[in-house]
Visitor: 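Take a look at this one; I'll ask things after.
Please read these numbers as outputs of a predicted model, since none were measured by experiment. Proteins get letters first, then strands, A, B, ... in listed order; numbering begins at 1 in each. Computed from heavy atoms alone, side chains included, the values below leave out hydrogens, waters and symmetry copies.
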Amino acid sequence: MASSTVDQSQVARNGLREKVLTLNSMNPRVRRVEYAVRGPIVQRALELEQELRQGVKKPFTEVIRANIGDAQAMGQRPITFLRQVLALCVNPDLLNSPNFPDDAKKRAERILQACGGHSLGAYSISSGIQLIREDVAQYIERRDGGIPADPNNVFLSTGASDAIVTVLKLLVAGEGHTRTGVLIPIPQYPLYSATLAELGAVQVDYYLEEERAWALDVAELHRALCQARDHCCPRALCVINPGNPTGQVQTRECIEDVIRFAFQERLFLLADEVYQDNVYSAGSQFHSFKKVLMEMGPPYAVQQELASFHSTSKGYMGECGFRGGYVEVVNMDPAVQQQMLKLMSVRLCPPVPGQALLDLVVSPPAPTDPSFMQFQAERQAVLAELAAKARLTEQVFSEAPGISCNPVQGAMYSFPRIQLPPRAVQLAQELGLAPDMFFCLCLLEETGICVVPGSGFGQREGTYHFRMTILPPLEKLRLLLEKLTRFHAKFTLEYS
Amino acid sequence: MQRAAALLRRGCGPRTPGPWGRNQSSAAAEASAVLNVRPERSRRERILTLESMNPQVKAVEYAVRGPIVLKAGEIELELQRGIKKPFTEVIRANIGDAQAMGQQPITFLRQVMALCTYPNLLDSPSFPEDAKKRARRILQACGGNSLGSYSASQGVNCIREDVAAYITRRDGGVPADPDNIYLTTGASDGISTILKILVSGGGKSRTGVLIPIPQYPLYSAVISELDAIQVNYYLDEENCWALNVNELRRAVKEAKDHCDPKVLCIINPGNPTVSQSTFRFANLKPQNLPQATSTGQVQSRKCIEDVIHFAWEEKLFLLADEVYQDNVYSPDCRFHSFKKVLYEMGPEYSSNVELASFHSTSKGYMGECGYRGGYMEVINLHPEIKGQLVKLLSVRLCPPVSGQAAMDIVVNPPVPGEESFEQFSREKESVLGNLAKKAKLTEDLFNQVPGIHCNPLQGAMYAFPRIFLPAKAVEAAQAHQMAPDMFYCMKLLEETGICVVPGSGFGQREGTYHFRMTILPPVEKLKTVLQKVKDFHINFLEKYA
């Protein structure tokens with residue numbers, strides 16, 4: 001390693017000893033981890049912001065972080081009811097204040113009753129507050145048209161990421177040819193590749209079909225699985241629906257096919273459903289894997305192992321900072337479920353404010369509650385604006401030459417494909433950069449727009465993309481899209 | 001026999017396929033495989049089973065929330081259903097969870113948190129100005145001025161600056177760099193992250209991690225999960241749980257035969273021993289103060305210097321778990337941070353020894369466990385490793401922002417002259433004073449019981465008394481395939497509803513038995529608890545005499 005050589009000579013010069021922990025001595029699995037959503041491009045965005053603050057002249061006045069699905073950072077207002085209840089929980093003196101609606105107070109009292117010492121400051125049990133697990137189970141039942149959910153199968157978590165890592169951790173075993181393989185979509189959300197690298201599991205890619213609006217094709221799953229069986233033991237299949245970064249919403253038929261495939265091939269299913277409230281396209285509807293699985297009847301319904309994830313970070317609430325989430329497990333071996341609980345107990349418990357927030361997300365005000373009208377209005381406003389932004393993004397990109405964009409059916413991102421001129425590709429390669437990384441870096445330097453190159457999510461060889469959130473306020477988004485397409489045109493010209 | 005069978009069913013015995021036992025016997029594995037197919041004849045074997053799951057995860061043990069706590073949960077449910085017991089409630093003295101035991105949150109902290117959560121309250125006249133000022137400052141540093149945005153993976157900038165300023169004050173001016181501060185999801189998260197980065201090698205070059213025995217079982221659990229090698233060094237119970245460098249030397253020497261010892265973990269003030277430091281309390285009269293001996297009782301400055309020198313000599317990465325740093329009160333018996341001592345030992349040490357120090361919002365006088373706030377400070381970490389650390393943290397996006405905000409208030413409390421100062425100080429002193437009283441009470445009462453010995457040292461949150469168990473009790477425990485102190489604690493729970501953790505969960509010298517009990521219940525309740533333990537213990541001794 002060149003850097004280590006430099007380092008060693010510095011060590012000699014300064015009379016410093018070699019460090020215990022170096023790139024060479026560290027955990028090699030951790031070293032292999034990559035996480036594009038907060039990778040080099042975001043580091044550079046941070047530096048640019050700093051430079052702007054220091055008064056350095058740039059061709060733009062602010063950095064727009066369209067790299068991450070962080071709604072409130074983009075100006076989305078928190079839902080009033082959620083924050084009222086949470087404030088009451090945090091500072092119960094406010095329960096005497098006339099400025100809070102009665103239903104908010106009732107909800108806060110109910111949550112506090114379920115907390116140790118009636119305080120958010122006590123640890124909860126490791127699987128989460130029992131009452132909240134019950135509320136989650138009821139939410140799932142309502143969502144799935146009455147299909148029962150057992151609170152004992154619900155585990156609250158520190159955002160969905162935490163639960164996904166926990167379930168993957170349980171699944172990883174074996175060595176060499178028997179090492180656990182995990183099928184993940186390409187493009188994927190890089191939490192998956194990062195976690196698999198960290199756990200030393202084998203990543204098995206299946207490609208989504210860009211030409212069919214990023215649909216999942218079971219024939220492709222077959223191909224990926226067959227090839228993987230040469231060198232590992234594929235044991236799990238991850239599905240992200242609605243898709244991140246693709247924005248694709250799966251049809252019921254597709255989900256049935258995937259379940260049948262998982263059952264036949266003995267794969268544990270992980271369904272990342274954190275965007276379940278974010279479906280915009282008229283023809284699209286969210287179907288939970290749990291519901292479809294149960295409706296398929298035996299043997300699937302009673303045997304197929306499934307873990308489904310949800311979070312407070314997305315949807316209409318966008319409460320990322322609270323790190324609330326849950327996983328529901330279906331048909332999991334009870335003994336393994338105990339192991340999962342044990343593993344979670346080492347970290348004591350998920351943050352209790354996040355648990356409280358999740359409770360409000362899964363049991364919002366009812367039509368007869370005083371807060372219902374305002375809650376509903378705020379919720380609809382957020383979702384309607386997201387839908388408008390999804391349409392706008394698709395429209396602007398599809399009109400731009402050299403950019404093609406699938407409809408954003410759901411989630412919070414657009415993942416357009418970009419044509420890059422051969423000279424740009426060549427130059428990028430000379431710089432040791434992925435061509436779309438090169439494009440995104442140039443975009444950032446010239447416009448202040450921060451998006452994530454497709455290479456961070458995975459893409460078919462020779463194709464280039466970027467992921468952009470649709471979260472900036474509508475007018476800002478319009479401006480951003482114009483700037484971006486103009487930049488692409490200029491970039492294409494420059495390197496043609 | 002019936003009881004033994006019941007215990008086995010509940011997963012307490014070492015041979016049951018329960019999650020808490022380290023080594024599954026193959027018989028148990030077969031038994032559970034059989035169980036998998038028995039209930040439904042047509043059922044295929046599951047993909048994810050005890051046999052097929054991650055063996056490192058299976059090896060994890062975590063006593064603080066282990067079988068005894070599961071049992072406590074079952075008993076609570078039974079009580080709720082009206083099943084008669086010789087007691088009316090379960091008292092959870094197993095975990096340092098102050099607010100669950102009735103400790104009131106610090107008003108100022110919760111005021112600022114409420115303002116951050118629901119900024120409309122910034123217009124309310126019922127909140128003090130200094131609380132509003134802090135809330136505004138925190139919100140301004142948050143994306144979109146909201147706790148609901150992700151923060152930078154390393155934590156909110158201004159909070160890291162406040163942490164650095166706090167450390168500088170704490171350490172009498174030794175500088176702290178905000179770039180070296182990483183906010184975490186409780187201290188546990190920081191500890192496991194650093195350990196994760198440190199583990200490498202295979203076979204004899206696998207990373208060995210030195211941990212004290214008794215330890216806080218987070219360490220052994222994380223080491224199992226990472227498949228690192230646990231290297232035990234024993235604290236000296238006869239010498240008030242002092243850390244002895246000769247014992248460290250012995251442990252490292254023996255470990256070098258089979259692994260590469262690279263990391264040394266220190267818990268100071270200690271958990272569960274709490275007695276590596278002397279705890280003396282300002283509100284006690286001098287004659288009531290526990291006797292400090294010249295060696296050991298305090299993880300004295302000298303002891304810390306020796307440890308640092310040893311780490312330097314042996315090229316060990318130091319992990320200093322200092323989450324109880326606020327739980328030392330006496331002006332003449334101070335908490336010494338590893339960071340400070342390291343700096344004061346001069347450049348050979350201060351520019352070479354790699355150190356990570358951990359703190360949390362969960363302990364101290366605030367006891368805000370549920371918020372999962374914490375931080376770590378790293379010293380002399382290789383710049384490339386810092387990059388790796390940020391990358392690793394970024395995969396989980398960020399620590400809970402509300403916990404970060406709570407951390408900010410802990411490191412940046414009201415100062416003299418501010419509106420909230422008086423009330424804040426009063427509340428803080430009251431919590432710490434109460435803890436002091438309870439520590440003394442616990443020690444005194446335990447030492448009145450024949451067959452219990454509690455070190456004359458008072459800790460903020462735990463007692464770790466040694467219990468002398470009669471041979472017949474040890475035999476009975478063995479017949480039930482339980483560690484003798486697990487057997488004792490189970491009986492205690494079943495007969496009195498008091499939930500404590502057996503010493504075997506923390507580690508102890510072979511043939512000695514202990515339990516860990518928090519001193520957190522309110523004074524009157526604590527008195528009852530201690531009396532009940534005493535009665536139980538005397539009964540137990542008679543029964544197995």
Visitor: Which answer fits B/E225, side chain, backbone, both or neither, if we ask what part of it has an atom under 4.5 Å from a heavy atom of chain A?
Guide: side chain
Visitor: Using heavy-atom distances under 4.5 Å, tell me whether A/N331 contacts chain B through its side chain, its backbone, both, or neither.
Guide: both
Visitor: When you measure from the side chain of B/N380 to the backbone of B/V353, do you find a donor-acceptor pair of N or O atoms at a distance under 3.5 Å?
Guide: yes
Visitor: Check each atom of A/L21 against the heavy atoms of chain B and say whether the ones under 4.5 Å are side chain, backbone, both or neither.
Guide: both
Visitor: Among B/L392, B/L115, B/T117, which has the most heavy-atom pairs under 4.5 Å with chain A?
Guide: B/T117
Visitor: Counting heavy-atom pairs under 4.5 Å with chain B, which one of A/C320, A/A173, A/A73, A/A71 comes out on top?
Guide: A/C320
Visitor: Under the 3.5 angstrom rule, does the side chain of A/Q72 hit a backbone N or O of A/M317 as a donor-acceptor pair?
Guide: yes
Visitor: Considering only heavy atoms, which portion of B/L48 lies under 4.5 Å from any heavy atom of chain A: side chain, backbone, both, or neither?
Guide: both
Visitor: Of the backbone (N, CA, C, O) and the side chain (C-beta and beyond), which part of B/F127 lies under 4.5 Å from a heavy atom of chain A, both, or neither?
Guide: side chain
Visitor: Relative to chain B, which segment of A/P350 carries a heavy atom at a distance below 4.5 Å: side chain, backbone, both, or neither?
Guide: backbone
Visitor: Checking the side chain of B/K391 only, and the main-chain atoms of A/V33 only, is there a donor and an acceptor separated by less than 3.5 Å?
Guide: yes
Visitor: Which one, A/R65, A/M74, A/Q84, leads in non-hydrogen pairs under 4.5 Å with chain B?
Guide: A/Q84
Visitor: Of the backbone (N, CA, C, O) and the side chain (C-beta and beyond), which part of B/T207 lies under 4.5 Å from a heavy atom of chain A, both, or neither?
Guide: neither
Visitor: Can any side-chain N or O of B/S205 pair as donor or acceptor with the backbone N or O of B/G201 at less than 3.5 Å?
Guide: no
Visitor: Sort A/C115 into side chain, backbone, both or neither according to what part of it lies under 4.5 angstrom from a heavy atom of chain B.
Guide: neither
Visitor: Between chain A and each of B/V222, B/I191, B/L121, count heavy-atom pairs under 4.5 Å; write down the option with the most.
Guide: B/L121
Visitor: Only pairs of heavy atoms separated by less than 4.5 Å count here; which of A/G354, A/S119, A/S161, A/G159 has the most with chain B?
Guide: A/S119
Visitor: Can you tell me if B/K58 uses its side chain to pair, donor with acceptor, with the backbone of B/S52 under 3.5 Å?
Guide: no
Visitor: Under a 4.5 Å heavy-atom cutoff, which of A/L357, A/L86, A/L120 has the most pairs with chain B?
Guide: A/L120
Visitor: Heavy-atom cut-off 4.5 Å, strictly under: side chain, backbone, both or neither for A/L94 against chain B?
Guide: side chain
Visitor: Check each atom of B/E354 against the heavy atoms of chain A and say whether the ones under 4.5 Å are side chain, backbone, both or neither.
Guide: side chain
Visitor: Using the ring centroid of each side chain, check whether A/F322 and B/Y150 are separated by less than 6.0 Å.
Guide: no
Visitor: Give a yes or no answer on whether the side chain of A/T180 reaches the backbone of A/L171 with a donor-acceptor pair at less than 3.5 Å.
Guide: yes
Visitor: Out of B/L218, B/T107, B/L198, return the one with the most heavy atom pairs under 4.5 angstrom to chain A.
Guide: B/L198
Visitor: Students often mix this up, so state it plainly: with edges at 30° and 60°, are the rings of A/Y300 and A/F263 parallel, tilted or perpendicular?
Guide: perpendicular
Visitor: Under a 4.5 Å cutoff for heavy-atom pairs, which residue among B/S149, B/S188, B/G144 has the most contacts with chain A?
Guide: B/S149
Visitor: What part of A/R83 lies closer than 4.5 angstrom to a heavy atom of chain B: side chain, backbone, both or neither?
Guide: both
Visitor: Counting only heavy atoms closer than 4.5 Å, note whether A/S313 contacts chain B via side chain, backbone, both or neither.
Guide: side chain
Visitor: When you measure from the side chain of A/T22 to the backbone N and O of A/K19, does any donor-acceptor pair fall under 3.5 Å?
Guide: no
Visitor: Please look at B/C142 and chain A and tell me whether the side chain, the backbone, both or neither of the residue comes under 4.5 angstrom of a heavy atom of that chain.
Guide: neither
Visitor: If we ignore hydrogens and angles and just use 3.5 Å, is the side chain of B/R110 paired with the main-chain N or O of A/V90 as donor and acceptor?
Guide: yes
Visitor: Between B/K196 and A/E198 (salt bridge meaning N to carboxylate O under 4.0 Å), is one present in this structure?
Guide: yes
Visitor: Can you tell which of A/K169, A/R29, A/H118, A/E319 has the highest number of heavy-atom pairs within less than 4.5 Å of chain B?
Guide: A/K169
Visitor: For B/P399, is it the side chain, the backbone, both, or neither that has a heavy atom closer than 4.5 Å to a heavy atom of chain A?
Guide: backbone
Visitor: Specify which of A/M332, A/Q355, A/M340 makes the most heavy-atom pairs with chain B at under 4.5 Å.
Guide: A/M332
Visitor: Is B/S192 in contact with chain A via its backbone, its side chain, both, or neither, using a 4.5 Å heavy-atom distance?
Guide: side chain
Visitor: With a 4.5 angstrom heavy-atom cut-off, which part of B/L381 approaches chain A: side chain, backbone, both or neither?
Guide: both
